[in-house]
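What follows is one structure encoded as structure tokens, with my remarks underneath.
Each chain gets a letter, A, B and so on, in the order its sequence line appears, and its residues count up from 1.
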2 protein chains.
Amino acid sequence: MTAEKRPPAGAAVLRGEITTAIRRALMQELAAAGYGRLSIEAVARRAGVSKTAIYRRWSSKLDLVLDVVSAVAGRKLPLLDTGTLDGDVRLLLLVVTGALGHPLASQIIPDLLAEAARNPQIAGTLQGALNDYQERIGEIVVGRAVERGELPAGADPRAAADLIVGPVYWRLAIARVPLEPAELPRMAEAAVAALRVACAESDTAVRSSQR
Amino acid sequence: MTAEKRPPAGAAVLRGEITTAIRRALMQELAAAGYGRLSIEAVARRAGVSKTAIYRRWSSKLDLVLDVVSAVAGRKLPLLDTGTLDGDVRLLLLVVTGALGHPLASQIIPDLLAEAARNPQIAGTLQGALNDYQERIGEIVVGRAVERGELPAGADPRAAADLIVGPVYWRLAIARVPLEPAELPRMAEAAVAALRVACAESDTAVRSSQR
DNA sequence: TTACGTCGGGACGCAACCGTAGCGTCCTTG
DNA sequence: CAAGGACGCTACGGTTGCGTCCCGACGTAA
């Protein structure tokens, strides 16, 4: 596994290519072994890099994972305004489907979410991003729809993420049945219908204004 | 953790209480550490039992987990007939909520599902149970509704599990926001609305008869 | 040009765990 | 009442991973 031709040695500066290789190897290793079994040595092996090179950049396994994961999870999703609730939902589903479509992502995300339930550090990073994500969906998608009159005022934004993302996540990350693009419009319409009912009901039902 | 009063020694027969203690300890350990980090020694410690006692019953870690998990996962859910689609869905949500409400379950299930994606043995056991589960939901809940005329004939049973279970699973196992019983009827109605739309659309949409 | 600091390689001590084995104890079974 | 076997305990050799350290080689920045 060690290079046969003399590997180019380093200089007095961290080499970006090596950092990149480590990041990439971490993702692959995370998918293949999971966080529980993740080992720095395996990451180094896969990246074709010495263990020392990793410890020069990050102080521990958790440090490495948190850094890389937060970089990925921190990316805000755009949530363009398509002009209609149905269009917004459809676009959102497309983005989520695309993200969960990557084999690495559909492996890593459930794994880390499970780990987050027992590791406060990961929970802080991941659930934080998840909350942002859900709030954005709620406020923006539902908010716009209310402005347009497509949903009744006082609609509960909390339910939006559950009803929109839940089915797709279950399908792709849990049941692991592929989702064909042709099915997206149907799922979007189903989600919109669910949203309408959930929001209409929110007058009579218990108002849970706790975020 | 070992008993203080002289622990009763064994006889020429496996003692059921010890088997039970191991099973219980396994679940707790699975929740606390995850499958990846699971160690037989930790299970033995937690059960207050010698490692030997475990190896006398199961040949390896995987063997132990598969046995215990399949015993739990193999239980069919009853799916009583309440007479209406809405009632059926509400009951189903109640069962699912109850199951995911247990802290152990909400920890273990996502963990094992993530592990199943990389371990064929676990996948076989768990995804098998999951498929049964989804087929039962689809065939029974949707089937009855079609007979009653609550859903159009030719409704796609495949989508049922996604639309009904997806949101609850997301809410409880991913976002980990508690679900109050008062919210159940709303979620049920939302799911029913989604089902209606999804099924009504199934004429024009691509028919995916591949389960 | 020269010092700095990263590079890979290799080795370190420490810890945890695997699965097996031998022991004396003691209960259940026949 | 005798024998068989499960029990806890202790220990084993082997594997894997951690995080650290030293080394000679080498390229970049002052």
Would you give the length of the straight line joining atom OG1 of B:T125 to atom CD of B:Q121, rounded to the nearest 0.5 angstrom? 7.5 Å
Between B:L62 (CG) and C:dC17 (C1'), how many Å, whole number? 17 Å
Under 4.0 Å between a side-chain N/O of B:R45 and OP1 or OP2 of D:dG8, yes or no? no
Distance in Å, B:R176 CZ paired with A:L113 CG, rounded so as to fall on 0.5 Å steps: 8.0 Å
Quick check for you: among C:dT20, D:dG19, D:dC7, whose closest atom lies nearest to any side-chain atom of B:Y55? C:dT20
Taking for B:K51 and for B:I18 the nucleotide of DNA chain D with the nearest heavy atom, the one nearer the 5' end belongs to B:I18
A:K61 atom NZ is separated from D:dG17 atom P, nearest whole Å, by 10 Å
Which of parallel (below 30°), tilted (30 to 60°) and perpendicular (above 60°) describes A:W170 and B:Y169? perpendicular
Any idea which of D:dG19, C:dG8, D:dG8 is nearest the A:V49 side chain? C:dG8
When you check the gap from the basic side-chain N to the acidic O, do B:D111 and A:R118 get nearer than 4.0 Å? yes
Would the base of D:dC18 count as contacting A:S39 through its side chain, where contact means a donor and an acceptor less than 3.5 Å apart? no
At 4.0 Å (heavy atoms only), tell me whether B:R57 reaches a base, stays on the sugar-phosphate, or touches nothing. sugar-phosphate
Without decimals, in angstroms, what is the distance between A:R37 CZ and D:dG17 P? 10 Å
Within this structure, what is the CD1-to-C1' distance between B:I22 and D:dA6, rounded to whole angstrom? 11 Å
Nearest-Å distance for atom pair CZ/P, residues A:R15 and D:dA29: 13 Å
Examine D:dC7: is either OP1 or OP2 under 4.0 Å from a nitrogen or oxygen in the side chain of B:R56? Give yes or no. yes
On DNA chain C, compare the nucleotides closest to A:E41 and A:S50; which residue's is nearer the 5' end? A:S50
Does the pair B:E139/B:R136 count as a salt bridge with the N-to-O cut at 4.0 Å? no
Give the rounded distance in Å between these two atoms: CG of B:L38 and P of C:dG19. 11 Å
Can you check the A:L14 CG to C:dG8 P distance for me, whole Å? 11 Å
Under 4.0 Å, counting only non-hydrogen atoms across every strand here, what does A:T52 touch: a base, just sugar-phosphate, or nothing? base
Nearest-Å distance, CH2 (B:W58) to C1' (D:dA6)? 14 Å
